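Structure first, then comments.
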Amino acid sequence: MIDRSTYHAWHGITPMGEFLAESDPDMFLVGGDGSYAVDQAGRRYLDARSSMWNVTLGYSCEPVKAAMRRQLDELPSGTVMRYEHPPRVTVRYAAALAATLPPTLRHIRFGNTGSQMTEAAGMLSRFHRRMTGETGRDRIIAVHGSYHGTGPLATALTGEQILHEWSAPLDDRVVHVAGGDELLDAVAGVVDRLGASQVTAVIVEPVMGNYLHAASVDQLAAVIGYCRARDIHIVADEVTTGAGRVGAMTVSERLPEPPDMIVLGKGVSAGYFPLAVLAVADPIYDALAEPPFRLGFPNGSTTDGHPLGAAAGLAVLDILTADGFLDGVRDRGRQLCDILRDTLADDPHVGDVRGEGMLLGLELRYRDDGTPWTVRDVYRLRLACRDNGLLTSYSDGVMPLLPPLTISTDECAELAAILGKTITAYAAEHLGAR
Ligand code: PMP
């Protein structure tokens, strides 16, 4: 229990009353070490959520820390906003990052958050239309259940009706469609209804972070083909899936034709600096970068292209692109799945483990009727896991497991063991015959 009168931070989406009632000042984090976060009381938690899915290389990644320390001594601040002196390290980082992305996506815009960059993607798509004489082309198609961040456009893109109602008025030119195997038909349905000349972009998460549902590569490829034939921009939101999480730089690299824009965040700096990027394809850049558009795309913030973020990003790239690293993530992800399946095989509440790399989801089902656990039960299981030294996320019917990409085999076994015993105890105490 935390005293409300002495606690002044107000956290993101967290209901503060609940947080204050369920927490204790001892739980404030003060340190970290590999896959473990350490709190004020000295308790160590195996962090199977990588903080907010972003601490992909654990808490003591020396090469990233060293690069940031060096950068702090050399040039501690800088910007790419309205300035002809970009930090050299930022220019180097843009080139190094572009070299890891599909070859047409060579233009890197910098920001601090995924939300900032999904909004930038939508606005850039519309700006491109304005500048090329297609003024009315402003509709964006997004997917039900998706998450693209906060802000008037990012929230509008996010496919959660309740968030739209709570935050209204938002951008009203977004249309939501079904995802998964229905994506192509659903996009085509909207384009037929509105006319392609109204639709500027489609934004998709290759794996929906909210429910951990993946769109198949075939489905994504078909949507890209469909959109390209109609000059509709495709934006891949890879804030969660990118930068190594699925054992690849991006899911987009597996597609026969790349998207027009890719948003990356979270893992690009391994969470050591607020950094997100928007990679943009040649035709959009080429249409906007040269005169007569003297003003350029009117979008950006003071700390965009910050040298500390670029230094962190370069050091992260060195690790991700080292021989065998990403293959290793896929192998360890399979190993973690196997360990979870073995350890939890006899638990009647556990369904399958789905996902790839270190983007996994453990399905939880009530044993009496096989229906998915409510988000409330998964949330309370998460608190019980925390009390047993394991940090996880929660979602509807599924417990997302996104540990650092560097988690060891022993830590995978520890993760599965804590989960197993916690599910058993939680079910016995709270679920009765369910
Ligand atoms: N897009 C996706 C797919 C995300 O997972 C997130 C963050 N969870 C965002 C956008 C927003 O990123 P941020 O929280 O950095 O604003």
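The figures that follow rest on heavy atoms only: side chains count, while hydrogens, waters and symmetry mates do not. Fair warning: this is a prediction, and the values are worked out from it, not measured in the lab. Counting convention: from 1, in listed order, for ligands and their atoms alike. We number each residue from 1, following the sequence as shown.
For an aromatic pair to be called close, the ring centres must be under 6.0 Å apart, and His349 with Tyr366 fails this. Not less than 6.0 angstrom separates the ring centroid of Tyr379 from the ring centroid of Trp373.
For atom 15 (O) of ligand 1, the closest non-hydrogen atom on the protein side is Gly114 N, 2.8 Å. Protein heavy atom nearest atom 5 (O) of ligand 1, with residue, atom name and distance: Thr240 OG1, 2.7 Å. Among protein heavy atoms, atom 16 (O) of ligand 1 sits closest to Ser115 OG, 2.5 Å.
Set against the non-hydrogen atoms of Glu205, the atoms of ligand 1 under 4.0 Å away are 3 (C). Close approach of ligand 1 to Thr113 (heavy-atom distance below 4.0 Å) involves ligand atoms 15 (O), 16 (O). Near Asp237, the atoms of ligand 1 lying under 4.0 angstrom from a non-hydrogen atom of the residue are 1 (N), 2 (C), 3 (C), 10 (C).
At a heavy-atom cutoff of 4.0 Å, ligand 1 is contacted by the backbone of His148 but not by its side chain. Within the 4.0 Å heavy-atom criterion, both parts of Tyr147, backbone and side chain, lie near ligand 1. By the criterion of a heavy-atom distance under 4.0 Å, the side chain of Lys266, and not its backbone, is placed next to ligand 1.
For the residue pair Ser125 / Thr200, a side-chain donor-acceptor distance below 3.5 Å is found, with atom types taken as modelled.
Residues Arg245 and Leu405 are in side-chain contact: their nearest non-hydrogen atoms beyond the backbone lie under 4.5 Å apart.
No cation-pi contact links Arg382 to Tyr394, judged by a cut-off of 6.0 Å to the six-membered ring centre and 45° from its axis. For the pair Arg4 and Tyr7, the NZ or CZ position fails the cation-pi test of under 6.0 Å to the six-membered ring centre and within 45 degrees of the ring normal.
Contact between Ile140 and Gly122 at its shortest, heavy atoms only, is CD1-CA, 3.8 Å.
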